[in-house]
Amino acid sequence: MLQASPIVPDVNLTELKGLIFDCDGVLINSRMANISFYNHLRGKAGMQRLSAAEEEFVHMATYEQALDHIFPGPERATVMTFLEAMESHFDYYELLQVEEGLTPMLGWLSKRNFRLGICTNRISPLEPFLKRFGLDNFFFPMQTASNSKPKPDPDGLLQVLGAWGMAQGEVAYIGDSKVDEMAAMAAGIPFWSFKNQDLAASLHINSFFELHAWLKLAVQKNG
């Protein structure tokens, strides 16, 4: 099990009232699953595996954006025929995992009336997806690319703020990609980077064990 860092970050956590999460790469460790899925499609179309740059793109993009980017030519028709045949992708879900330390942290936050929301570039409804992992009862609202403009547009984040009736300084957005960083900046919301030291963020988080420990200290400080 990962251990929480004893070093308290130079960020004021005592005013925090809500956390907004990206989904893939933050709540769910899905990077390898996404890469495996799209490489599977490339194989069906007789194409080479994704390059490193393409792997990075599909991890950040919406489903439609990923398909447009990695199947720009006649191979797209082959892929669409394959997808329309509704071949099972259960192997994809077997590769997904809830990030370690997340569920107990969410339970602890919920009991203390922290608001928890999601802003993701996924298009499909999140409820059945999150239910697979026991995460379906923690979050409201859940903004996707089907009910708000996709990131880096700040629309989804601003809709969460509106639903909560909170100011930008009372929340933080936890993401793992450049589009997350850009969306938070555009919305005026503090950005916390998850497992990505290359992003410009007010807080860099190595694990949810670490974040949970920091939040507990902030609550104790509030009395």
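Side chains are part of it too, since the values below use all heavy atoms of this structure and drop only hydrogens, waters and symmetry mates. Nothing fancy with the numbering, it's 1 onward along the sequence.
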Student: Report the relative orientation of the aromatic rings in F194 and F208; use parallel for angles under 30°, tilted for 30 to 60°, perpendicular for over 60°.
Tutor: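 Geometry flag for F208 against F194: parallel rings.
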Student: If you compare all heavy atoms of S30 against all heavy atoms of G25, which two are closest, and at what distance to 0.1 Å?
Tutor: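 That closest heavy-atom pairing would be OG-N, 3.5 Å.
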Student: Same hydrophobic cluster for L27 and I205, using side-chain heavy-atom links shorter than 4.5 Å among ILVMFWY?
Tutor: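 Yes: a chain of side-chain contacts under 4.5 Å links L27 to I205.
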Student: Are D22 and K151 ion-paired here, with the side-chain N under 4.0 Å from a carboxylate O?
Tutor: yes
Student: Linking I/L/V/M/F/W/Y whenever their side-chain heavy atoms sit closer than 4.5 Å, directly or via other members, would I28 and F140 fall into one cluster?
Tutor: no
Student: Got a donor-acceptor contact below 3.5 angstrom from the E181 side chain to the A200 backbone?
Tutor: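 Confirmed, E181 side chain pairs with A200 backbone.
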Student: Answer yes or no: is there a side-chain heavy-atom contact under 4.5 Å between L16 and E170?
Tutor: no
Student: Any side-chain donor paired with an acceptor under 3.5 Å for S36 and N39?
Tutor: no
Student: Mind checking whether F133 and L96 have side chains closer than 4.5 Å, heavy atoms only?
Tutor: yes
Student: Can you tell me how far apart CE (M166) and CD1 (I189) are? Round to the nearest 0.5 Å.
Tutor: 11.0 Å
Student: Does this structure show an ion pair linking E56 with R31, if we count only N-O contacts that are shorter than 4.0 Å?
Tutor: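 Here E56 pairs with R31 in a salt bridge, since their nearest N and O are under 4.0 Å apart.
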Student: Once you round to the nearest 0.5 Å, how far does CG of L19 lie from CG of L215?
Tutor: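 Going from the CG atom of L19 to the CG atom of L215 covers 6.5 Å.
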Student: Around Q48, counting heavy atoms of other residues, nucleotides and ligands shown, do more than 12 lie under 6.0 Å from its CD?
Tutor: no
Student: Answer with yes or no whether the hydrophobic clustering places L116 together with F191; edges join I, L, V, M, F, W, Y residues whose side-chain heavy atoms lie under 4.5 Å apart.
Tutor: no
Student: Could you report the tightest heavy-atom contact between A218 and T14, atom names first, then the distance?
Tutor: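 Distance-wise, the nearest heavy atoms are O-CG2, 4.0 Å.
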Student: Any side-chain to backbone donor/acceptor pair from R112 onto W108? Under 3.5 Å, distance only.
Tutor: yes
Student: For E75 and F71, indicate whether the former's side chain and the latter's backbone hold a donor-acceptor pair under 3.5 Å.
Tutor: no
Student: Any side-chain heavy atom of S110 within less than 4.5 Å of one from F138?
Tutor: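 Of all side-chain heavy-atom pairs linking F138 with S110, at least one is under 4.5 Å.
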Student: Is a side-chain N or O of H204 found less than 3.5 angstrom from the main chain of D198, in a donor-acceptor match?
Tutor: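 Side chain of H204 to backbone of D198: no pair is present.
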Student: Taking the six-membered ring of F129 (Phe, Tyr or Trp), confirm whether the NZ or CZ of R122 is under 6.0 Å from its centre and within 45° of its axis.
Tutor: yes
Student: Can you list the steps and then say if S193 with N196 is a side chain to side chain donor-acceptor pair (under 3.5 Å)?
Tutor: CA-CA 6 Å; S193 175; N196 190 340; 5.0 Å; no
Student: For the pair N147 (side chain) and M142 (backbone), establish whether a donor and an acceptor sit closer than 3.5 Å, ignoring hydrogens and angles.
Tutor: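 Pair found, side chain donor or acceptor close to backbone of M142.
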Student: Taking all atoms of both residues into account, what is the closest heavy-atom pair of A145 and P150, and its distance?
Tutor: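 Scanning both residues completely, I find the closest heavy atoms to be CB-CB, 4.2 Å.
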Student: Could you tell me whether the side chain of D180 and the main chain of D176 form a donor-acceptor pair under 3.5 Å?
Tutor: yes
Student: Is there a side chain to side chain contact (heavy atoms under 4.5 Å, CB included) between N121 and T144 once you walk through the steps?
Tutor: CA-CA 5 Å; N121 275 353; T144 70; over 6 Å; no
Student: With rounding to the nearest 0.5 Å, note down the distance linking OG in S148 to CG in L157.
Tutor: 8.5 Å
Student: OH of Y38 to CD1 of I70: how many Å apart, nearest 0.5 Å?
Tutor: 6.5 Å
Student: Could you walk me through whether Q197 and N206 pass the side chain to side chain contact (heavy atoms under 4.5 Å, CB included) check?
Tutor: CA-CA 9 Å; Q197 296 292 326; N206 296 313; 3.4 Å; yes
Student: When rounded to the nearest 0.5 angstrom, what distance separates CD1 in I118 from CG in L135?
Tutor: 8.0 Å
Student: Between I20 and W164, is a side chain to side chain contact (heavy atoms under 4.5 Å, CB included) present by the stated rule, with each step listed?
Tutor: CA-CA 11 Å; I20 310 170; W164 289 349; 3.8 Å; yes
Student: With clusters defined by side-chain heavy atoms of hydrophobic residues (ILVMFWY) lying less than 4.5 Å apart, directly or transitively, does L126 cluster with V26?
Tutor: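 Shared cluster, yes.
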Student: Are any of the side-chain nitrogens in R49 or E55 under 4.0 Å away from the carboxylate oxygens of its partner?
Tutor: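 Looking at R49 and E55, the cut-off is not met.
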Student: With a 4.0 Å cut-off, would you call E99 and K195 a salt bridge?
Tutor: yes
Student: Can you confirm whether Q143 sits close enough to D155 that some side-chain heavy atom of one is under 4.5 Å from a side-chain heavy atom of the other?
Tutor: no
Student: Atom CZ in F139, atom CG in D136: separation rounded to 0.5 Å?
Tutor: 10.0 Å
Student: Which pair of non-hydrogen atoms, one from A45 and one from V79, has the smallest distance, and what is that distance?
Tutor: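 What the structure gives for the nearest pair is CB-CG2, 3.8 Å.
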Student: To check you understand the geometry: which heavy-atom pair defines the closest contact between A167 and L161, and what is its length?
Tutor: O-CD2, 4.0 Å
Student: Same cluster for W214 and F21 if Ile/Leu/Val/Met/Phe/Trp/Tyr side chains link at under 4.5 Å?
Tutor: yes
Student: Take atom CZ of R76 as the centre, draw a 6.0 Å sphere, and report whether it contains more than 12 heavy atoms from other residues, nucleotides or ligands.
Tutor: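 Yes, CZ of R76 has more than 12 neighbouring heavy atoms, counting only those of other groups under 6.0 Å.
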